[in-house]
S.K.: 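Here it is, the structure in full.
Positions are given from 1, in the same order as the sequence printed here.
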Amino acid sequence: MTLVDFDVWMVHASRSNHMGIVGGFTQMIREGGARSLWRGNGINVLKIAPESAIKFMAYEQIKRLVGSDQETLRIHERLVAGSLAGAIAQSSIYPMEVLKTRMALRKTGQYSGMLDCARRILAREGVAAFYKGYVPNMLGIIPYAGIDLAVYETLKNAWLQRYAVNSADPGVFVLLACGTMSSTCGQLASYPLALVRTRMQAQASIEGAPEVTMSSLFKQILRTEGAFGLYRGLAPNFMKVIPAVSISYVVYENLKITLGVQSR
């Protein structure tokens with residue numbers, strides 16, 4: 001696990017194993033030292049740049065295609081554009097998502113680096129391993145990206161119309177607040193599918209482990225951990241996602257102004 005990713009809680013936390021945030025950090029440092037807090041961060045940084053660029057580019061282009069004749073898009077049109085943009089971005093970088101999870105969950109010294117991890121996965125499990133958990137990931141990213149982008153832009157535009165009629169820049173703090181609220185809504189809607197995706201990826205890394213399907217894993221979690229089990233690790237995940245998404249929206253808006261891009 002890294003400071004920017006909380007896959008360990010998703011995989012290991014359970015009803016019988018109440019791994020808290022402090023306990024999780026302590027266990028990681030004990031197992032691999034302070035460097036383990038950034039485990040898998042290299043691949044995470046490599047994937048986030050093209051993923052964000054593709055998502056925002058696709059979002060702006062799709063809005064132009066699905067938009068009605070009105071000057072400002074309606075929320076359901078933004079929802080469709082955001083969902084499609086998220087699906088396109090995730091599909092383009094998904095093998096890196098699998099690599100990120102494997103690197104985050106590895107034991108100290110298990111892999112010498114990202115390329116070694118990819119080579120071993122390919123040799124032992126084949127190309128299909130790089131798409132493990134793809135279906136629940138897509139089912140989760142569609143509502144997450146759609147809700148996140150649609151709620152963010154709707155809140156931002158509502159603030160501008162009420163408090164800054166003559167300005168297209170609401171300011172950093174407003175953008176951060178809109179990003180926080182939209183990300184929270186998206187996470188609550190899609191987190192169970194993200195949990196199942198991560199556990200499917202982790203299960204595939206265990207030699208001799210039986211292959212699990214999305215539906216069987218859902219049933220297993222509900223049977224052994226209850227409905228709350230579908231939200232294991234949500235709190236630490238918020239610690240990562242909310243600031244990351246909010247900052248990305250501030251950068252996105254400032255880049256749009258710099259490049260002269262007008263949103264509807």
S.K.: Considering non-hydrogen atoms only, spot the tightest contact between I88 and A58 and give its length.
M.R.: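 So the two residues come closest at CD1-CB, 4.4 Å.
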S.K.: Starting from F228, can I reach L222 by hopping between I/L/V/M/F/W/Y residues whose side chains sit under 4.5 Å apart?
M.R.: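 No, separate clusters.
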S.K.: How long is the span from the OH atom in Y252 to the OH atom in Y59, to the nearest 0.5 Å?
M.R.: 6.0 Å
S.K.: CD/E97 to OG/S91 distance, rounded to the nearest 0.5 angstrom?
M.R.: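 Answer for the CD-OG pair, E97 versus S91, is 11.5 Å.
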S.K.: Would you say the side chain of L99 lies within less than 4.5 Å of the side chain of C117, judging by non-hydrogen atoms?
M.R.: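 When only atoms from C-beta onward are counted, L99 and C117 do touch, with a gap below 4.5 Å.
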S.K.: Can you tell me how far OH of Y94 sits from CG of N137, rounded to the nearest 0.5 angstrom?
M.R.: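 N137 atom CG to Y94 atom OH measures 4.5 Å (nearest 0.5 Å).
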S.K.: Clusters formed by hydrophobic residues whose side-chain heavy atoms approach within less than 4.5 Å: which one holds L155, and what are its other members?
M.R.: L79, I147, V151, M181
S.K.: Do the non-hydrogen side-chain atoms of R78 and N157 ever get within less than 4.5 Å of each other?
M.R.: yes
S.K.: Tell me whether E125 is salt-bridged to K132, with the criterion being a basic N under 4.0 Å from an acidic carboxylate O.
M.R.: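 Judged by the 4.0 Å cut-off on N to carboxylate O distance, E125 and K132 do not form a salt bridge.
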S.K.: Kindly determine whether L176 and Y249 satisfy side-chain contact (heavy atoms from CB on, under 4.5 Å), including the steps that lead there.
M.R.: CA-CA 7 Å; L176 288 173; Y249 277 129; over 6 Å; no
S.K.: Within this structure, what is the CD-CZ distance for the pair Q90 and R197, rounded to the nearest 0.5 Å?
M.R.: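 Rounded to the nearest 0.5 Å, the CD-CZ separation comes out at 6.5 Å.
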S.K.: Could you work out, with ring-ring contact (aromatic ring centres under 6.0 Å, His included) as the rule, every residue matching F130, not counting sequence neighbours?
M.R.: none
S.K.: Remaining members of I257's ILVMFWY cluster at a side-chain heavy-atom cut-off under 4.5 Å?
M.R.: none
S.K.: Do V212 and R199 have side-chain heavy atoms sitting under 4.5 Å apart?
M.R.: no
S.K.: Under 4.5 Å side-chain heavy-atom separation, chaining through any Ile, Leu, Val, Met, Phe, Trp or Tyr, what else clusters with I48? Say none if it is isolated.
M.R.: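 None; I48 is a cluster of one.
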S.K.: At what distance, to the nearest 0.5 angstrom, does SG of C185 lie from CG of D148?
M.R.: 9.0 Å
S.K.: Between S52 (side chain only) and A49 (backbone N and O only), is there a donor and an acceptor less than 3.5 Å apart?
M.R.: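 Between the backbone of A49 and the side chain of S52 there is no qualifying donor-acceptor contact (under 3.5 Å).
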S.K.: Output all residues satisfying salt bridge (charged side-chain N to carboxylate O under 4.0 Å, His left out) with K55, sequence neighbours left out; order by chain, then residue number.
M.R.: none
S.K.: Could you tell me the separation between the CD1 atom of I75 and the OG1 atom of T154, rounded to the nearest 0.5 Å?
M.R.: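 That separation rounds to 3.5 Å.
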S.K.: Is there a side-chain contact between I242 and S246 in this structure, where contact means two heavy atoms from C-beta onward sitting under 4.5 Å apart?
M.R.: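 Heavy-atom side-chain distance check passes, below 4.5 Å.
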S.K.: Checking Y144 against L193 for the side-chain contact (heavy atoms from CB on, under 4.5 Å) test, could you report, in this order, the C-alpha distance in whole Å, the side-chain angles of both residues, the deciding distance, and whether it holds?
M.R.: CA-CA 10 Å; Y144 172 75; L193 287 159; over 6 Å; no
S.K.: Does E77 reach the side chain of K63, with side-chain heavy atoms less than 4.5 Å apart?
M.R.: no
S.K.: Just jot down the side-chain contact (heavy atoms from CB on, under 4.5 Å) partners of I142, sequence neighbours excluded, or say none.
M.R.: S83, A87
S.K.: Treat each ILVMFWY residue as a node, draw an edge where side-chain heavy atoms are under 4.5 Å apart, and state whether L122 and L46 are in one component.
M.R.: yes
S.K.: Ring-plane angle category for Y134 and Y131, please: parallel below 30°, perpendicular beyond 60°, tilted otherwise.
M.R.: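 The rings of Y134 and Y131 stand perpendicular, inter-plane angle above 60°.
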S.K.: Under the side-chain contact (heavy atoms from CB on, under 4.5 Å) criterion, do R119 and L115 qualify, and how do the steps go?
M.R.: CA-CA 6 Å; R119 181 180 57 80; L115 292 178; over 6 Å; no
S.K.: Show the numbers, then the answer: is there a side-chain contact (heavy atoms from CB on, under 4.5 Å) between K256 and E60?
M.R.: CA-CA 10 Å; K256 283 202 302 182; E60 292 296 333; 3.7 Å; yes
S.K.: Any non-hydrogen side-chain atom of Y191 less than 4.5 Å from a side-chain atom of F238?
M.R.: no
S.K.: Using every non-hydrogen atom in the two residues, find where Y152 and C178 come nearest and quote the distance to one decimal.
M.R.: CD1-CB, 3.7 Å
S.K.: Side chains of L188 and L234: does their closest heavy-atom pair fall under 4.5 Å?
M.R.: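 A side-chain contact exists here, since the closest heavy-atom pair is under 4.5 Å.
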S.K.: Looking at side-chain heavy atoms only, is the closest gap between P192 and Y231 below 4.5 Å?
M.R.: yes
S.K.: Which heavy atom in V245 sits nearest to a heavy atom in G179, and how many Å separate them?
M.R.: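 Closest approach of V245 to G179: CG1-O, 4.3 Å.
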